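Worksheet for the structure shown next.
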Protein chains: 2
Amino acid sequence: MHDISPIRAKSGTNQEGTSAHNRRVMIEALRLNGALSRADLARATQLTKQAVSNIIEDLERDGLVVALDAVRKGRGQPFTPYRLVPEGAFAIGLQIDRHLTRVVVVDLVGKVIARAEAGLPLDEPSAGVKIILGLVDRVRRELASLFAQSERRLVGLGVAMPGPFGLKESDDKWMMPAWQQFPLLETLAAGTGLNVGLQNDAAACATAERIVGAAHGVDHAICLYIGYGIAAGLILNGELYNGGNGNAGEIGRALLSPAGPGSTPLEHRASLASLYQHLGLDPAERGLYETLGALALQGDPRIMGWVERAASDLRWSVHLIETIFDPQTVILTSTAPEALARLLLQAMHPLLPSIADRPARRLPRLQLGTTDPWAIAVGAAAEPISRAFDPRFSAILKAG
Amino acid sequence: MHDISPIRAKSGTNQEGTSAHNRRVMIEALRLNGALSRADLARATQLTKQAVSNIIEDLERDGLVVALDAVRKGRGQPFTPYRLVPEGAFAIGLQIDRHLTRVVVVDLVGKVIARAEAGLPLDEPSAGVKIILGLVDRVRRELASLFAQSERRLVGLGVAMPGPFGLKESDDKWMMPAWQQFPLLETLAAGTGLNVGLQNDAAACATAERIVGAAHGVDHAICLYIGYGIAAGLILNGELYNGGNGNAGEIGRALLSPAGPGSTPLEHRASLASLYQHLGLDPAERGLYETLGALALQGDPRIMGWVERAASDLRWSVHLIETIFDPQTVILTSTAPEALARLLLQAMHPLLPSIADRPARRLPRLQLGTTDPWAIAVGAAAEPISRAFDPRFSAILKAG
DNA sequence: CCTATTAAGTCAATTCGCTTGACTTAATTA
DNA sequence: TAATTAAGTCAAGCGAATTGACTTAATAGG
């Protein structure tokens, strides 16, 4: 029939989809609640005890969960709690930033098992990829030396790099135009033999917050990420939202006023790039992180000046985010030293009024997330873990 | 075990979930593609021919699809296309606006079957509900007179009213504080015996655009709605996004600058309320719609002044929406007369640069959606239809 | 004109994961 | 010590999709 325009339809599902979903639901329940008995799982997931037993047995055989000692509590037979086995799965995370790259291996619960970093040539992706593949190989060997069978348990390679992706060629060398053009994912897939996925760095930060941080178990959270640029990672309905072209949350490009083409993008005022410029520092300089940390701790006046101005824009960004997304919480994350991030957080208060200051809040409107510089690589690694183990609509369907 | 804090987990699923999903997938495929043969459906959904045959047989028995004449095309046995039966399901939509209420009945494909409207007391919800129940009863009887068995096919009552919901009491009478406090959904559910759902008016507009309008079959679209206030309906991943508390998209409250508490909310500049104020008109005045339409057609200078200023803010709103959501398209909808909406649309061009002006666009960045004043009621009615028939994650799970 | 080919759709048996309901085990309470 | 409560198992059953062979009915080509 329709042989010209393709037919648009969602994919159907079958018992495999059912089973896959239920496995994922079990894993998520154990991730969120720590350790649960089969009976607990049955109640929480609304499946029968028998179904849960079968699935748990499967998961145990697959080395993803393990029984703890039986617990006596009140009447009835003692229950046997099960918990996730951290070494049940591993993933590699790769952060590509302007002048450096970081690689980590994380386990099923998001703990870092191995890490490595190296400098990166800003405009020679093919040379850069060689370096990256070397690092990946290194952490992979380290993993193999620590856990037998770990190769078999590697679920994928997640890449995080600054967005936005797929736009017209940029002439700003800090936007990494050469890397944006390069067939990175294909090259990495071929070079590692792993499934490869891509996120922008804010999305990776949000993914990290979700697996091990402040967004753990929160279904509606926005992660405001301040790195060289600024962007937001969007967790909506418990899943990362990517937008139509993978560029959702790239608020660094947002103009700060309706006044027209002359008005400033947010990233010119509230990003580490703007701070470097304000201080007259070279972003590629060694020891920059330590310098900034020290200045922030001293309350250096030039830093405070930037903080004041940036905080004003950020306060307003939070207001907009709350107004637009109605999230349960906003998480401020940064690659800046923690002292600096804390200064920013303080300077952002009091927050602007918004629909978020409602009577019965359970989470703070704004909270500090991680400021670990490795968080983005961890988030990159968390993405394949999430893709493989978290319950999601697409996991039920029959094909990609 | 955990008897203190409740265990958090998603619900599992079983064969009923599988079957429900596949039925929904079939219905959606027919909605999006018009009419399809069983073989087409099997290919599109990746199910087997046999599975599709069984499901189609079911749907046909339930009166939701019907076979058309067989079609000869090329080699092989002729195929029999199936299409949705519009009168296979009905839903009632209710719009509650400041001084009036509208009720419609729509069918499975979103066509209006019956409609009714009445004035509404702004601050007496209990009297208002009586009026509403009277209208609902009227359209319901009209429906019953047109289609036998239609009562049985009524899937629910959708309500749309201005948001945001659940905030502290407001003193602005146009925010309908009395209605916000009133237990509306419970009263309507009791009074009609139907399932009742609630959306804000922008969400309803987006739902309407999705079922019959510009967002038909588009998975990432933002519906910018200009009514008495202004708000956005968010279609993300093919579903309406509501946020943590049902207030996502309430951008009318967004402050236009980071300058602090003194800066203006968007709805003070780009909403019909602001236009009424600009023109010194009473929003409750009779014939307002016609007056505005006439003024817009004449290009009245006072109207044009407002249009210019509002368009500047709206242009920037579109820029922010594009930057934040990365949608495939933005749809401008309004309860204003079409002439006025077109003026606004024109005045918003040229749009601000954003990540949305990418090389290979398929849909316009900004397009005009419906300006039918009944669209909100239609969208309200479309919500129960969508809830009952569209494929969605929650439809697979075992409980609410 | 006749045969090969192509494609839609059916039939009947099979498979697989969840459900059902009875049963076993093992603790606490009275 | 008996009754009660709750975790967890056993074995049969069920239901929806799958499988592979088969039927039907058209067109293409010699």
Side-chain angles (χ1 to χ4, degrees), chain A residues 1-3 7 11-26 35-62 65 67-82 395-399, chain B residues 1-3 7 11-26 35-62 65 67-82 395-399:
Chain A
M1 179 161 186
H2 284 252
D3 34 17
I7 301 172
S11 151
T13 186
N14 56 18
Q15 289 193 84
E16 276 179 61
T18 301
S19 160
H21 172 71
N22 289 345
R23 271 176 75 108
R24 284 166 183 256
V25 165
M26 299 289 155
L36 296 174
S37 67
R38 300 183 183 201
D40 277 335
L41 284 165
R43 276 186 296 266
T45 60
Q46 317 209 40
L47 290 169
T48 57
K49 288 184 292 185
Q50 191 56 58
V52 170
S53 272
N54 295 337
I55 295 167
I56 287 290
E57 209 173 308
D58 260 31
L59 291 174
E60 196 169 14
R61 194 170 34 246
D62 291 353
V65 308
L68 303 178
D69 289 338
V71 176
R72 282 192 297 271
K73 184 176 187 196
R75 282 186 187 180
Q77 184 175 116
F79 59 84
T80 309
Y82 286 80
I396 289 166
L397 310 183
K398 291 186 81 173
Chain B
M1 183 161 183
H2 283 252
D3 31 18
I7 301 171
S11 152
T13 186
N14 55 19
Q15 290 193 83
E16 276 178 61
T18 301
S19 159
H21 172 72
N22 288 346
R23 271 176 73 108
R24 285 166 182 256
V25 166
M26 298 291 155
L36 297 174
S37 68
R38 300 183 183 200
D40 277 334
L41 284 165
R43 276 187 296 266
T45 62
Q46 317 210 39
L47 291 170
T48 57
K49 287 184 294 184
Q50 191 55 58
V52 170
S53 272
N54 295 337
I55 294 167
I56 286 291
E57 209 172 306
D58 260 29
L59 291 173
E60 196 168 16
R61 193 171 34 244
D62 292 351
V65 309
L68 304 179
D69 290 337
V71 176
R72 283 189 297 271
K73 184 177 188 196
R75 283 186 187 181
Q77 183 175 116
F79 59 84
T80 310
Y82 287 79
I396 289 167
L397 310 184
K398 292 185 80 173

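Note that the structure is predicted; figures quoted are calculated from it, not measured.
With distances taken from any side-chain atom of B:Ser19 to the nucleotides D:dG15, D:dA17, C:dG9, the minimum falls on D:dA17. Considering only side-chain atoms of B:Thr80, the nucleotide from C:dC18, D:dG8, C:dG9 that sits closest is C:dG9. Of the candidates C:dG9, D:dA17, D:dA7, D:dA7 carries the atom nearest the A:Arg43 side chain, counting heavy atoms from C-beta on.
Across the protein-nucleic acid pair, A:Leu47 atom CG and C:dG17 atom P stand 14 Å apart, rounded to whole Å. In this entry the distance linking CD of B:Glu16 with C1' of C:dG17 reads 14 Å, nearest Å. Here D:dA17 presents its C1' atom at 7 Å from CD of A:Gln15, a figure rounded to the nearest Å. In this structure, CZ of B:Arg23 is placed 16 Å from P of D:dG15, rounded to the nearest angstrom. Counting to the nearest Å, the P atom of C:dA8 and the CG atom of B:Leu36 are 12 Å from each other. A:Asp40 places its CG atom 8 Å from the P atom of D:dG8, with the value rounded to the nearest Å. B:Gln46 has its CD atom 10 Å from the P atom of D:dT18, to the nearest Å. Whole-Å rounding puts the B:His21 NE2 to D:dA17 P distance at 10 Å.
The side-chain hydrogen bond (donor to acceptor under 3.5 Å, both in side chains) search around B:Gln77 returns none, not counting sequence neighbours. Under the rule for a side-chain hydrogen bond (donor to acceptor under 3.5 Å, both in side chains), A:Ser11 has no partner lying at least two apart in sequence or in another chain. Residues that satisfy the side-chain contact (heavy atoms from CB on, under 4.5 Å) test with A:Thr80, not counting sequence neighbours, are A:Ala67, A:Ala70, A:Tyr82. Annotation: side-chain hydrogen bond (donor to acceptor under 3.5 Å, both in side chains) contacts of B:Thr13 (sequence neighbours excluded): none. For B:Asn14, the side-chain contact (heavy atoms from CB on, under 4.5 Å) criterion is met by B:Glu16, B:Lys398, not counting sequence neighbours. Looking at residues two or more places apart in sequence or on another chain, you find a side-chain hydrogen bond (donor to acceptor under 3.5 Å, both in side chains) between A:Gln50 and A:Asn54. Not counting sequence neighbours, A:Arg24 has no partner by the salt bridge (Lys or Arg N to Asp or Glu O under 4.0 Å) test.
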(Q) Output one letter per nucleotide in nucleotides 23-30 of chain D: B when a protein non-hydrogen atom lies under 4.0 Å from the base, S when only the sugar-phosphate is that close, - when neither is. (A) -BBBBS--

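OP1 or OP2 of C:dT19 sits under 4.0 Å from a side-chain N or O of B:Asn14. Of the side-chain N and O atoms in A:Lys49, none sit less than 4.0 angstrom from OP1 or OP2 of C:dC23. Considering only side-chain N and O atoms, B:Thr48 lies nowhere under 4.0 angstrom from the phosphate OP1 or OP2 of D:dT19. For B:Thr18 and D:dG15, the shortest distance from a side-chain N or O to OP1 or OP2 is not below 4.0 Å.
In this structure, the side chains of A:His21 and B:Leu397 come closer than 4.5 Å at one or more pairs of heavy atoms.
Listed by residue number, the members of residues 52-61 of chain B with any heavy atom below 4.0 angstrom from DNA chain D are B:Ile55.
Here the shortest heavy-atom pairing between A:Pro81 and A:Asp69 reads CD-O, 3.2 Å.
A donor-acceptor contact under 3.5 angstrom links the side-chain atoms of B:Gln50 to the base of C:dC11.
Using a cutoff of 4.0 Å between basic side-chain nitrogens and carboxylate oxygens, B:Asp62 and B:Arg23 are scored as salt-bridged.
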